[in-house]
Amino acid sequence: MKYIGVGDIKRIKTWGRLIGIGSMLYGVVSIVLSFYTSLWYVIPAILSIFIGKLLYDIGHEAKKVLKSEEQSVGIFQPVLKKYSTFLFAFSIIIIVTIASYLAFMGYIYIFF
């Protein structure tokens, strides 16, 4: 692993897993609270759990990289694959959120 910064991988391992667990816990709490408020809050809660799982997996893959004895950069490929999936999913969520907001604002502007 002489070609990859070990400090950065340790940071990815720690924060990926920590933020992933936090996001999943937030999603679970949001699901429970949605039963008392509105069931529409289940959708963002499920997305939070999904994003949290992706982040946790990134941290877990980074942990595997740190434990590996392999010296090539190719060992980092699973981390990049998980990170790419995370970025793709997160960007889809952002696009849908912005489109929903614009549609709602257009609806308000037209009918009120």
Next item on the list: Give, for atom NZ of Lys13 and atom CG of Leu18, the distance between the pair rounded to the nearest 0.5 Å.
Entry: 11.5 Å

Notebook entry, point to check: Which atoms form the tightest heavy-atom contact between Ala45 and Gly27, and what is the distance?
Noted result: CB-O, 3.4 Å

Notebook entry, point to check: Measuring from Glu61:CD to Lys81:NZ, what's the distance to the nearest 0.5 Å?
Noted result: 10.5 Å

Could you tabulate the donor-acceptor pairs under 3.5 Å formed by side-chain atoms of residues 88-105, not counting sequence neighbours?
{"residue": "Ser91", "atom": "OG", "partner": "Leu87", "partner atom": "O", "Å": "2.9"}
{"residue": "Ser91", "atom": "OG", "partner": "Phe88", "partner atom": "O", "Å": "2.8"}
{"residue": "Thr97", "atom": "OG1", "partner": "Ile93", "partner atom": "O", "Å": "2.7"}
{"residue": "Ser100", "atom": "OG", "partner": "Val96", "partner atom": "O", "Å": "2.8"}

Notebook entry, point to check: Which atom names give the shortest non-hydrogen contact between Ala62 and Val79, and what distance separates them?
Noted result: N-CG2, 3.6 Å

Next item on the list: Looking only at non-hydrogen atoms, find the nearest pair between Val32 and Tyr36 and report the distance.
Entry: O-CD1, 3.5 Å

Next item on the list: List the atom of Phe86, the atom of Ile51, and the distance in Å for their closest heavy-atom pair.
Entry: CE1-CG2, 3.6 Å

Note to self: Given 3.5 Å as the limit, does a donor-acceptor pair link the side chain of Ser30 with the main chain of Tyr26, or not?
What the structure shows: yes

Notebook entry, point to check: Measuring from Ile75:CD1 to Glu69:CD, what's the distance to the nearest 0.5 Å?
Noted result: 10.5 Å

Item checked: Within one Ile-Leu-Val-Met-Phe-Trp-Tyr cluster: Ile19 and Val65, side-chain cutoff 4.5 Å -> yes

Notebook entry, point to check: To the nearest 0.5 Å, what is the distance between CD1 (Ile12) and CZ (Phe76)?
Noted result: 4.5 Å

Next item on the list: Using the rule that two of Ile, Leu, Val, Met, Phe, Trp, Tyr join whenever any of their side-chain heavy atoms come within less than 4.5 Å, decide whether Val29 and Leu47 are in one cluster.
Entry: no

Margin query: Rounded at 0.5 Å granularity, tell me how far CG in Leu80 sits from OG1 in Thr85.
Written below: 10.5 Å

Checklist line | Set of side-chain hydrogen bond (donor to acceptor under 3.5 Å, both in side chains) partners for Lys10, sequence neighbours left out | finding: none

Item checked: Remaining members of hydrophobic cluster (4.5 Å side-chain criterion), Ile21 -> Met24, Leu25, Val28, Ile31, Phe35, Leu39, Val42, Ile46, Ile49, Tyr56

Check: If you round to the nearest 0.5 Å, how far is NE2 of His60 from NZ of Lys53?
Finding: 8.0 Å

